[in-house]
Every structure is written in C-alpha cells, then in structure tokens.
Amino acid sequence: MSNDFAHLHLDNTLYDLPIITGTTGERAIDIRGLLRDTGCITLDSGYMNTGSCQSQITYLDGEKGILRYRGYDIADLAENCLFIEVAYLLLTGELPTLPELEQFKYDMTKYSLVHEDMIHFFDHFPPKASPMSILSTMVGTLHDFYPEMDLDEDPYGGITTTTARLLSKTRTIAAFSYKKNMGHPLIYPRADLSYCANFLHMMFDRPNMPYEIDPVMVSALNKLLILHADHEQNCSTSTVRLVGSAGVRLYPSISAGISALWGPLHGGANAAVMRMLENINADGRDYQKYIDLAKDPNSGYRLTGFGHRVYKTYDPRATIIKKTCHDVLKTQKISDPLLDIALHLEELVSTDDYFIERNLYPNVDFYSGIIYRAMGIPTNMFTVMFALGRLPGWIAHWQEMNLDKESSRIGRPRQVYTGIPDRPFVALADRC
Ligand code: CMC
C-alpha cells in the first residue's frame with residue numbers, strides 16, 4: 001500500500017484505490033468507484049469495517065479509549081459543562097458564548113410544553129405500554145402537531161431553535177410517559193429550573209408531596225446525559241442518518257432512532273444489566289453460573305454491560321459513570337446491593353481469560369442503571385434516559401448528513417444474493 005493508494009489485484013488488473021486520511025490520522029480505503037471499475041461490491045455484514053460517511057462531530061479511538069465531541073475530551077465536558085452546552089456544541093461545532101447559552105435556555109423554556117391534544121394520546125396506550133414505544137410514537141407525532149418546526153428550514157429560528165424545542169419537548173414527553181404509567185397527574189415544566197432539574201421535577205413532583213430537587217442528582221443526571229450525547233455511527237445514529245437520507249424530516253427520523261435504540265444490544269442494555277444483576281442476586285450470587293453461561297457458545301447468553309463493537313479497552317464513559325455511581329451512593333448514603341454485585345462481577349470478569357482475550361470490558365450501560373435507580377427512575381425508563389441523552393447527537397448527525405451532498409445520497413447497501421438463481425414458474429394447480 002502506498003501513502004495515497006491501496007492497490008487491488010483482481011482478474012489480472014491492478015486497481016488504485018485512494019486512501020483518505022482523517023484529521024487524527026485514521027485511514028480509509030475509498031471504494032466508491034469499485035463497483036463501476038470492477039463490477040464487484042464489498043461484503044461487510046454488520047458494517048464491522050465500513051465507513052458510511054465523513055463526519056466532524058465525534059472522534060472515537062476504541063483501542064486507546066478516547067472519546068471527543070468536536071475535539072473536546074469527554075471527561076472535560078462531563079466535568080465542566082451543562083448538558084445543553086454540550087448539545088449546542090455537537091450541533092454547531094462550538095461551545096456557546098454566554099448570550100448564546102442564555103438564548104438556548106430561553107428557547108428550552110419557551111417551547112417546553114407539548115400541545116394539549118397530544119396529551120390525550122397518553123390516555124389510550126395500554127397501562128403497561130413501554131415508555132420507549134410511547135416516546136417513539138410521540139416524537140414522530142410532533143411532526144404533525146408542529147409541522148412548521150419540521151420543515152426544510154425552520155421559519156422561526158433555524159436548527160438551534162428547532163433543537164431546543166425538540167430537546168425540551170422530548171424531555172416533557174418522557175416525564176409524562178412515566179406519570180401516565182404510574183397513573184399520576186402530569187406535572188408541567190417550570191421556567192426557573194435547569195434542563196436536568198426540570199426533568200426530575202416533572203418526574204417526581206406530586207400535588208400532595210412536593211419533590212425536593214437534589215443538586216447531587218441533578219449533577220449526576222447532567223453527567224450521564226453528556227456521556228450519552230453522541231457516539232458517532234452507532235446503530236441508532238446510523239438509523240437516523242439512513243432514514244433521513246430518504247428525505248424524511250427531522251422528527252420522524254429521530255423517532256426511528258429511538259426505535260433502534262430500544263434493542264437490548266444497544267440502548268436497551270442498561271435495563272438488561274439491572275435484570276441480570278437482580279437475577280444474580282436472586283440466585284444466591286452464583287456469579288460463576290452466569291459467567292460460565294456467557295462463555296458457553298451454545299447458550300446464546302451474554303453478560304450484558306460488557307463488550308463493545310468499537311472499544312477494545314475500558315469504555316471511557318464507563319470510567320466516569322463508575323466514579324459518579326460511587327459518589328452518588330456515598331453522598332446519598334444509599335447502600336445498593338446491586339453495586340456490590342456489579343463490582344464483584346467486574347472483578348471476576350477482569351481476570352477471566354475468555355473476557356481478556358476478547359477485550360470485553362464494562363461499557364457505558366454497566367453502571368448507569370445503578371445511578372438511575374438511586375434517583376428513583378424505574379428500570380423501564382432507563383432506555384428513555386439514554387434517548388434523552390443521545391438526542392443532540394442524532395440531531396447533529398441528521399443535520400450534517402443533510403448538509404453534506406455526498407453523505408445525503410439515499411442510503412442503499414448492496415447484497416450478495418445466495419437464494420435460488422432461477423426456476424420455472426409452477427401454477428397453483430400443479431403444486432404438490
Ligand atoms: N458476554 C459474553 N461474550 C461476549 C460478550 C458479552 N457481553 N460480548 C461479546 N462476547 C463475545 C462473543 O460471543 C464473541 O465470542 P467468539 O469470538 O468466541 O464468537 C466475541 O466476544 C465478539 O463478540 P461479537 O458479538 O462479535 O462483538 P460485536 O462487536 O458484534 O458486539 C456487542 C458488540 C456490544 C453487541 C456485544 O459485546 C454484546 O452483545 N454485549 C452485551 C450487550 C451490551 O452490553 N450492549 C451495550 C453496548 S454499549 C451501548 C451502545 O453502544 O449501545
């Protein structure tokens with residue numbers, strides 16, 4: 001391979017494939033002309049090694065455990081920023097100035113309500129409806145209630161205002177879905193509260209029992225949302241880009257992303273971790289049984305919260321979440337047996353050859369549920385929390401995809417057909 005080209009030798013012909021180098025030195029072989037030049041496609045099931053776009057939003061080095069949004073290290077952002085500052089950063093490429101942040105906050109407050117007619121929808125979901133299906137449905141429906149906000153160009157203020165509206169309304173929908181699930185009256189947002197404090201207020205305030213907003217919980221929630229805010233071309237973000245590439249507007253594209261996130265291998269893993277830890281507890285803490293099951297190739301069982309498609313070292317988000325988890329439980333004087341189980345499981349896994357050889361470390365979902373539990377958020381809302389965090393990333397990618405002529409071409413993978421090549425038609429009367 002030369003510095004600028006990879007050479008492909010196929011059917012006695014040598015093809016030069018350009019090398020594209022990213023700003024941090026990672027290299028990609030450009031195969032965009034391959035089909036035209038050779039008649040061949042590439043096969044890469046699960047997109048293990050396929051770059052679907054060039055992006056300026058998030059940098060991730062899975063070998064070194066680096067994650068940066070727009071060039072800023074995730075640890076610095078989690079320590080020093082508000083979630084909405086990070087949302088602004090992902091979206092615009094720059095951290096907001098004070099006036100920009102004030103305007104963003106103002107928009108969040110101004111647009112935090114959802115149309116009262118939408119609230120009737122909540123009444124018609126079955127009582128045990130999943131908050132993820134409610135969220136996905138409601139966010140898609142915003143397109144119909146606020147069509148002016150979902151046009152090519154938002155007439156009221158462009159993408160930052162649209163984002164503020166979507167972030168704010170989605171937070172309201174998420175909290176309302178919990179209240180409906182509980183059969184409690186809805187609690188409306190307050191203009192004086194920050195994004196995270198407002199969410200906790202809408203979740204836990206009751207007419208007869210006012211909720212005291214705890215700054216420790218607000219700070220922990222703020223960190224969790226920042227750590228989930230983007231993760232480049234993951235399954236749900238790729239879904240948002242793919243759906244958006246067909247010309248679908250922002251809200252239904254985000255609704256599709258929410259559905260993709262729901263899966264237990266993706267955003268649904270945080271809830272699955274809690275179920276796993278609870279099962280281990282109920283099983284007399286028989287850790288080895290679960291470890292052995294996960295190592296058995298025929299069981300189909302996995303230790304949820306371990307492993308990642310990209311990270312082959314400790315997930316940098318998990319490092320921060322683990323520490324936050326300890327801090328929250330300590331300052332709140334909460335003793336949660338599930339934390340002890342999680343810590344012990346991690347310890348056992350970290351010395352087990354099966355997990356070492358496969359680079360399986362705790363991921364973002366392993367400790368986050370224990371913090372949500374300490375906040376009083378029920379397990380069926382965990383993936384909704386992930387979705388709230390991921391929202392700015394999805395919007396930023398949808399916008400980037402639309403602005404970039406190359407990556408906004410309709411997404412359309414190829415396939416290698418392995419079915420029956422060709423056969424004569426058999427009429428119904430002759431089929432036996
Ligand atoms: N427990 C046991 N074995 C595992 C696990 C696990 N959690 N994860 C991967 N492996 C094994 C897998 O069986 C395979 O072994 P072998 O080479 O012998 O066949 C090897 O490790 C590689 O696994 P893979 O399935 O090829 O890896 P992948 O990149 O396709 O999957 C993953 C990544 C995250 C889906 C997977 O690690 C997994 O299922 N983890 C558990 C679910 C989970 O925690 N998901 C949250 C991911 S982080 C949040 C997000 O990004 O959404």
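Worth saying up front: this structure is predicted, and the values here are computed from it rather than measured. All ligand and atom numbering here is 1-based and tracks the order in the structure. Just so you know, residue 1 is the first one in the sequence shown, and it goes up from there.
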Could you list which atoms of ligand 1 come closer than 4.0 Å to a heavy atom of [X]?
{"X": "Ala269", "result": "43 (C), 44 (O), 45 (N), 46 (C)"}
{"X": "Leu265", "result": "39 (O), 45 (N), 46 (C), 47 (C)"}
{"X": "Val364", "result": "49 (C)"}
{"X": "Gly305", "result": "43 (C), 44 (O)"}
{"X": "His266", "result": "46 (C), 50 (C), 51 (O), 52 (O)"}

Would you confirm whether any non-hydrogen atom of the protein falls under 4.0 Å from atom 48 (S) of ligand 1? yes
Protein heavy-atom contact under 4.0 Å for atom 29 (O) of ligand 1? yes
When you measure from [atom] to every protein heavy atom, which one gives the shortest distance, and what is it?
{"atom": "atom 33 (C) of ligand 1", "answer": "Arg309 N, 3.7 Å"}
{"atom": "atom 34 (C) of ligand 1", "answer": "Gly307 O, 3.7 Å"}
{"atom": "atom 51 (O) of ligand 1", "answer": "His308 NE2, 3.5 Å"}
{"atom": "atom 8 (N) of ligand 1", "answer": "Leu360 CD2, 3.6 Å"}
{"atom": "atom 38 (C) of ligand 1", "answer": "Arg302 NH1, 3.4 Å"}
{"atom": "atom 41 (C) of ligand 1", "answer": "Phe306 O, 3.5 Å"}

Check this for me: Tyr47, atom OH, are more than 12 non-hydrogen atoms of other residues, nucleotides or ligands nearer than 6.0 Å?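 12 or below, so no.
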Verify the neighbour count for atom CD of Gln56: are there more than 12 heavy atoms of other residues, nucleotides or ligands below 6.0 Å?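 No, not enclosed.
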Please work out which of the three classes, parallel, tilted or perpendicular, describes the rings of [Y] and [X], given edges at 30° and 60°.
{"X": "His228", "Y": "Phe386", "value": "perpendicular"}
{"X": "Phe382", "Y": "Tyr372", "value": "tilted"}
{"X": "Phe122", "Y": "Phe125", "value": "tilted"}

Considering distance alone, does some N or O of [X] sit under 3.5 Å from an N or O of ligand 1?
{"X": "Tyr301", "value": "no"}
{"X": "Leu303", "value": "yes"}
{"X": "His231", "value": "no"}
{"X": "Lys312", "value": "no"}
{"X": "Arg317", "value": "no"}

Check: Phe121 ring centroid to His115 ring centroid under 6.0 Å: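 Ring centres of His115 and Phe121 not closer than 6.0 Å.
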Flag the pair Tyr59 / Tyr72 as yes when their ring centroid distance falls below 6.0 Å, and as no otherwise.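 No.
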Tell me the nearest of Phe355, Tyr354, Phe386, Tyr361 to atom 3 (N) of ligand 1, using heavy-atom distances.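 Residue with the shortest heavy-atom distance to the ligand atom: Tyr354.
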So is Asp365 in contact with ligand 1, going by heavy-atom distances below 4.0 Å?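 Right, Asp365 reaches ligand 1.
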Counting only N and O atoms by type, is there a donor-acceptor contact under 3.5 Å from the side chain of Gln399 to the main-chain atoms of Leu91?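 Confirmed, Gln399 side chain pairs with Leu91 backbone.
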N/O donor-acceptor pair under 3.5 Å between Tyr367 side chain and His326 backbone: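 Here the side-chain-to-backbone pair does not exist.
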With heavy atoms under 4.0 Å as the rule, classify the contact between Arg358 and ligand 1 as side chain, backbone, both or neither. side chain
Could you go step by step and tell me if Arg171 and Ser168 meet the side chain to side chain donor-acceptor pair (under 3.5 Å) rule? CA-CA 5 Å; Arg171 173 192 55 184; Ser168 200; 3.0 Å; yes
What's the separation between atom CG in Leu345 and atom CG in Leu277, rounded to the nearest 0.5 Å? 7.0 Å
Hey, mind stepping through Tyr290 and Asp283 against side chain to side chain donor-acceptor pair (under 3.5 Å) and telling me if it holds? CA-CA 10 Å; Tyr290 288 84; Asp283 234 349; 2.8 Å; yes
Run the salt-bridge test on Glu94 and Arg70 with the 4.0 Å N-O cut-off and return the result as yes or no. no
